[in-house]
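Sequence lines set the chain letters: A, B, ... in the order given, protein chains first and strands last, and positions in each chain run from 1.
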There are 2 protein chains.
Amino acid sequence: MNQHIHPMLSAFEVVAEPNRRRILDLLREGQRPVGDLVDRLGLTQPTVSKHLRVLKDARLVDVEQDAQRRLYRLRPEPLVELDSWLAPYRELWSRRLDALERHLDTMADEPPAPTRRSPAPKRRKR
Amino acid sequence: MNQHIHPMLSAFEVVAEPNRRRILDLLREGQRPVGDLVDRLGLTQPTVSKHLRVLKDARLVDVEQDAQRRLYRLRPEPLVELDSWLAPYRELWSRRLDALERHLDTMADEPPAPTRRSPAPKRRKR
DNA sequence: CATCTATATGCCTTGACAGGCATATAGATG
DNA sequence: CATCTATATGCCTGTCAAGGCATATAGATG
């Protein structure tokens, strides 16, 4: 029996792979056997099984055995890490969008300006 | 002059790299020159510059030149993609946590049960 | 202009992952 | 038990990213 150490990826890395995102998206609709995923994804069965392995190691899915079939079910909890990291940024971009709106409102009255940056704020030394 | 095609990573992939997340986190506090980041991150300057290149290509940062220095500034907008993908899952895990709460409330009255799964719901054929 | 400073880029090595293909494993069925 | 079905795993290969090191580039300064 070979050990084959699987390094265990972070939620960030797991989700960086587009096909794994698709798998999670499918599992959002409910649990599915592997063959089902294979059909929908158009990937080979081994490929899907390997992605599922990664997802399972990252605790993003659960498996339930049904005879020879394995039913995979979504476990969204690990995504909380992603969401927490993202939270402070969410605030930033919504502020930005607000600012943009206000800017556009103002602009409506003003004449079109040349496409330059702000008036060159004196460079600092070091 | 060498072309050196940089394949342009998705926001997901960009953010999968821990050091790049740290860079973004630092830039959240305001714009910084490269040297600053080098000091704070304990990475070599070329390494940092390369990460910044990736971040710039993904439009996650802006550069402003200040003599020999380059001031990097955060641009959170591309993270919206990440957030949108995440949104439906956010719903799921909050439901789950609610369910857990309710469950724990109920449990308070019931006798402790053996650590088995639900009563083996008859397996389906295919 | 010689030199210093700040940063970018090029080349190279190493390690890892994704997928292809073959095969192992385990339950079902006659 | 022989065979079929569903899935997992192993091996191999191509690809590519991350970082180390050296060097190029560009502005500053005397």
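Close to D:dG20, at under 4.0 Å from its OP1 or OP2, lies a side-chain N or O of B:Thr44. An OP1 or OP2 oxygen of D:dT7 is reached within less than 4.0 angstrom by no side-chain nitrogen or oxygen of A:Arg69. Taking 4.0 angstrom as the limit, A:Tyr72 places a side-chain polar atom (N or O) nearer than this to OP1 or OP2 of D:dA8. Here B:Arg53 reaches the OP1 or OP2 of C:dT9: one of its side-chain N or O atoms lies under 4.0 Å away. Regarding contacts with the backbone of C:dA16, every side-chain N or O of A:His6 stays at 4.0 angstrom or more from both OP1 and OP2. Considering only side-chain N and O atoms, A:Thr47 lies under 4.0 angstrom from the phosphate OP1 or OP2 of C:dG20.
In this structure, the side chain of B:Arg21 engages the main chain of B:Val15 through a donor-acceptor pair within 3.5 Å. The main-chain N or O of A:Ser10 is found under 3.5 Å from a side-chain atom of A:Glu13 such that the two form a donor-acceptor pair. The main-chain N or O of B:Asp25 is found under 3.5 Å from a side-chain atom of A:Tyr89 such that the two form a donor-acceptor pair. Between the side chain of B:Ser84 and the backbone N or O of B:Val80 there is at least one donor-acceptor pair closer than 3.5 Å.
Rounded to whole Å, atom C1' of D:dA22 lies 12 Å from atom CD of B:Gln45. C:dA16 atom C1' lies 15 Å from atom CG of A:Asp57, rounded to whole Å. Between B:Glu64 atom CD and C:dA6 atom P there is a gap of 17 Å when expressed in whole angstrom units. The CG-P distance, from B:Leu52 to D:dA18, rounds to 13 Å in whole Å. Look at CG on A:Asp66: it is 13 Å from P on D:dA8, rounded to the nearest Å. Between A:Arg70 atom CZ and D:dA6 atom P there is a gap of 13 Å when expressed in whole angstrom units. One atom, CD of B:Glu17, and another, P of D:dA17, lie 12 Å apart when rounded to the nearest Å. With rounding to whole Å, B:Gln68 atom CD is found 13 Å from C:dC4 atom P.
Residues meeting the salt bridge (charged side-chain N to carboxylate O under 4.0 Å, His left out) test with B:Glu81, sequence neighbours left out: none. By the salt bridge (charged side-chain N to carboxylate O under 4.0 Å, His left out) test, A:Arg32 is found to be paired with A:Glu29, A:Asp36, residues two or more places apart in sequence or in another chain being considered. For A:Arg73, the salt bridge (charged side-chain N to carboxylate O under 4.0 Å, His left out) partners two or more places apart in sequence, or in a different chain, are A:Glu64. By the salt bridge (charged side-chain N to carboxylate O under 4.0 Å, His left out) test, B:Arg22 is found to be paired with no residue, residues two or more places apart in sequence or in another chain being considered.
At the heavy-atom level, A:Leu9 lies under 4.0 Å from the strands shown only through sugar-phosphate atoms.
Within residues 19-30 of chain A, the residues having any heavy atom closer than 4.0 Å to DNA chain C are, in order of number, A:Asn19, A:Arg20.
Counting only Watson-Crick and G-U wobble pairs whose two key distances fall under 3.5 Å, DNA chain D forms stems of three or more stacked pairs at C:1-30 with D:1-30.
Distances were taken from every side-chain heavy atom of A:Lys50 (C-beta onward) to each of D:dA8, D:dA22, C:dC21; the shortest belongs to C:dC21.
Under the 4.5 Å side-chain heavy-atom criterion for Ile, Leu, Val, Met, Phe, Trp and Tyr, B:Met8 and B:Val14 are members of distinct hydrophobic clusters.
Separation of atoms CG (B:Asp62) and CG (B:Leu27) is listed at 11.0 Å; rounding is to 0.5 Å.
Of the two residues near DNA chain C, A:Met8 and B:Val48, the one whose nearest nucleotide lies more 5' is B:Val48.
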